[in-house]
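Input: a single structure, listed below in structure tokens.
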Amino acid sequence: MTGLFAIVGAGQAAATAVESLRREAYSGRIVVIGNEEHLPYQRPPLSKKYFSGEMPFERLLIKPASFYEQAHAELRLGVNVESLDLERRELMLSDGVRLIYERLLLATGSVPRRLTLPGHDLKGLHYLRTARDVERIRGELTSAPKKVVVVGAGYIGLEVAATCRQLGHSVEVLEMADRVMNRVVAPEVAAFFLAQHRSRGVHIHTDTLVAAFDSQTHNPGLVGAVLTTDGRRFPADLVIIGVGVVPNATLAQAAGLQVENGISVDEYCRTSDPHVWAAGDCTSHPSGRYQCRVRLESVDSAFEQARVAATNMCGRSADHNKVPWFWSDQYELKLLIVGLSSGYERIVLRGAPHTGSFSCCYLKGQELLAIDCVNNQKDFVAAKKLIAARAHFDAQKLGDVRVALKDALAV
Ligand code: FAD
């Protein structure tokens with residue numbers, strides 16, 4: 001194959017796809033089109049060390065510029081793909097260029113879910129997805145301590161809350177659910193993180209639904225407070241909203257590709273068009289293991305799907321069935337999650353949360369579906385293998401931290 005392979009989106013998945021295409025000995029033209037002006041970069045530090053200023057932008061880059069030069073991959077950065085014509089196999093770019101591809105990889109990521117409440121267009125309201133978003137937020141956080149209100153206590157909201165607090169700002173977190181990280185972790189783990197934030201002076205308000213954003217009295221264009229449905233008013237110099245993401249499937253949908261909670265792909269990352277593959281946050285895929293379609297928002301999944309898509313684009317065969325994993329850093333706490341816990345029947349804790357290092361095991365029958373490891377790298381490493389092998393456990397041994405995970409198997 002020597003035709004043009006195009007990659008739309010220059011993020012986590014795109015960088016891996018370039019590497020994998022060349023590794024699979026594809027020698028034709030590769031063009032990567034990304035609407036951000038940067039080389040592909042890692043997003044996780046955006047709410048962590050890049051936000052706090054500890055990590056310079058250069059360290060966010062997944063690969064240096066020399067990598068793309070050596071791989072003879074053409075990068076068209078700061079350029080949006082406006083439309084896709086599946087029949088003509090043509091991409092229309094915002095700079096007026098039209099590209100005919102032989103094969104196409106869509107790696108368009110996801111976009112923050114937006115709140116459209118009264119006052120949603122005031123200045124000082126922020127979402128966090130790109131390096132540019134962080135720069136804008138940091139620009140408003142300079143000098144004196146500010147009053148930051150974070151809407152949403154998911155990973156991103158809590159990571160941002162931790163970082164803002166560490167930078168010396170006062171932080172209120174408003175969460176509509178009855179606990180933090182409610183979509184992903186068990187009440188025991190949520191309670192642990194809630195206590196950790198509170199002990200560091202972050203005020204977390206659960207069961208709290210935002211109704212509107214109010215402006216400052218003397219500056220009507222600028223946010224001054226967040227109002228909640230129960231009549232409370234939280235003064236704010238700055239609001240950061242982290243209420244989830246939606247897959248960026250606009251281009252695919254307009255082109256007529258099948259979309260189902262993201263661009264619909266199979267385990268080979270094939271879309272409904274035989275010349276188009278998709279990878280990363282923008283996709284949903286069938287999971288034999290979980291018996292449902294799954295949409296993942298994680299670096300590991302973006303990398304893995306990109307590798308699988310690139311291999312298949314080169315005419316070889318690879319499938320995507322890895323057990324997902326994810327991490328979150330809040331203060332000195334590292335939360336590592338392996339597997340998906342939905343459908344679990346009981347929880348077994350390994351270790352006591354008050355020690356600051358423990359794991360929460362999600363069991364269905366005797367099978368370990370998922371595990372949340374807090375400052376516990378050892379369990380994480382072992383669990384990755386054991387969950388992949390669908391290992392069954394003796395709950396009593398599992399709950400005994402003196403017994404290594406691999407020795408807690410059911411006989
Ligand atoms: P992206 O990296 O989002 O790249 C998609 C790119 O495509 C974007 O640059 C987008 O602008 C571009 N694009 C979209 N449409 C077009 C178009 N029409 N034309 C041109 N370009 C287009 N994951 C973890 O596993 N652990 C973490 O700790 C973690 N922390 C995170 C913290 C933050 C603040 C954020 C935002 C995400 C975090 N994630 C984390 C999630 C992780 O970053 C994503 O899962 C990952 O970036 C997905 O990679 P991707 O290539 O699918 O999409």
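On a predicted model such as this, the values are computed, not experimentally measured, just so you know. Counting starts at 1 for both ligands and their atoms, in listed order.
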Can you sort out which atoms of ligand 1 are near [X], meaning under 4.0 Å from one of its heavy atoms?
| X | result |
| --- | --- |
| Ala302 | 48 (C), 49 (O) |
| Glu36 | 8 (C), 9 (O), 11 (O) |
| Val79 | 20 (C) |
| Ile33 | 20 (C), 21 (N) |
| Thr108 | 5 (C), 7 (O), 14 (C), 15 (N), 16 (C) |
| Gly34 | 20 (C), 21 (N) |
| Ser298 | 23 (N), 25 (O), 45 (O) |
| Gly280 | 52 (O) |

Exercise for the section: Report yes or no: does Asn312 contribute a side-chain atom to a donor-acceptor pair with the main-chain N or O of Tyr268 at less than 3.5 Å? Expected result: yes
Problem - Backbone N/O of Pro286 and side chain of Glu267: donor-acceptor pair under 3.5 Å - result: no
Where [X] and [Y] come nearest, the two heavy atoms and their spacing:
| X | Y | value |
| --- | --- | --- |
| Arg43 | Gln12 | N-OE1, 3.1 Å |
| Val308 | Ala318 | CG1-O, 3.4 Å |
| Val189 | Tyr362 | CG2-OH, 4.4 Å |
| Tyr127 | Leu115 | OH-N, 2.8 Å |
| Leu125 | His120 | CD1-O, 3.1 Å |

Could you tell me whether [X] and ligand 1 have an N or O pair separated by under 3.5 Å?
| X | result |
| --- | --- |
| Asn35 | yes |
| Asp281 | yes |
| Asp300 | no |
| Ala14 | no |
| Ser47 | no |
| Phe326 | no |
| Arg129 | yes |
| Trp325 | no |
| Val81 | yes |

Completion exercise
Tested for side-chain contact (heavy atoms from CB on, under 4.5 Å) against Ile33, the lone hit among Ile7, Leu99, Leu75 is Leu99
Return the closest protein heavy atom for [atom] as residue, atom name and distance.
| atom | value |
| --- | --- |
| atom 46 (C) of ligand 1 | Gln12 CG, 3.6 Å |
| atom 17 (C) of ligand 1 | Asn80 OD1, 3.2 Å |
| atom 51 (O) of ligand 1 | Ala13 N, 2.7 Å |
| atom 25 (O) of ligand 1 | Val299 N, 3.0 Å |
| atom 27 (C) of ligand 1 | Trp327 O, 3.4 Å |
| atom 7 (O) of ligand 1 | Gly9 CA, 3.1 Å |

Handout entry: Pick from His38, Glu297, Arg43: the one approaching atom 2 (O) of ligand 1 most closely through a non-hydrogen atom
Key = Arg43
Completion exercise
Closest to atom 36 (C) of ligand 1 (heavy atoms only, candidates Leu128, Leu251, Asn248) is Leu128
Side chain, backbone, both or neither: [X] near ligand 1, heavy atoms under 4.0 Å:
| X | answer |
| --- | --- |
| Lys48 | side chain |
| Pro44 | both |
| Tyr155 | neither |

Problem - Ring center gap for His205 and Phe234 short of 6.0 angstrom - result: yes
Practice task
Kindly say whether the aromatic ring centers of Trp327 and Phe380 come within a distance under 6.0 Å.
Solution key: no
Practice task
Under the side chain to side chain donor-acceptor pair (under 3.5 Å) rule, what do Asp230 and Thr228 come out as? Steps first, then yes or no, please.
Solution key: CA-CA 5 Å; Asp230 56 9; Thr228 57; 2.6 Å; yes
Problem - Check: Ile387 and Trp325 side chains under 4.5 Å, non-hydrogen atoms - result: no
Problem - Note: Asp266-Arg270 ion pair, threshold 4.0 Å (strictly below) - result: yes
Exercise for the section: Indicate yes or no: does Glu332 engage Arg200 in a salt bridge with an N to O separation below 4.0 Å. Expected result: yes
Problem - Arg138 charged N/C atom sitting above Tyr50 aromatic ring, 6.0 Å / 45° - result: yes
Practice task
Assess Cys282 for proximity to ligand 1: is some non-hydrogen atom of it under 4.0 Å away?
Solution key: no
Practice task
With Arg132 as reference, evaluate Glu36, His38, Glu37 under the side-chain hydrogen bond (donor to acceptor under 3.5 Å, both in side chains) test and give the passing residue.
Solution key: Glu37
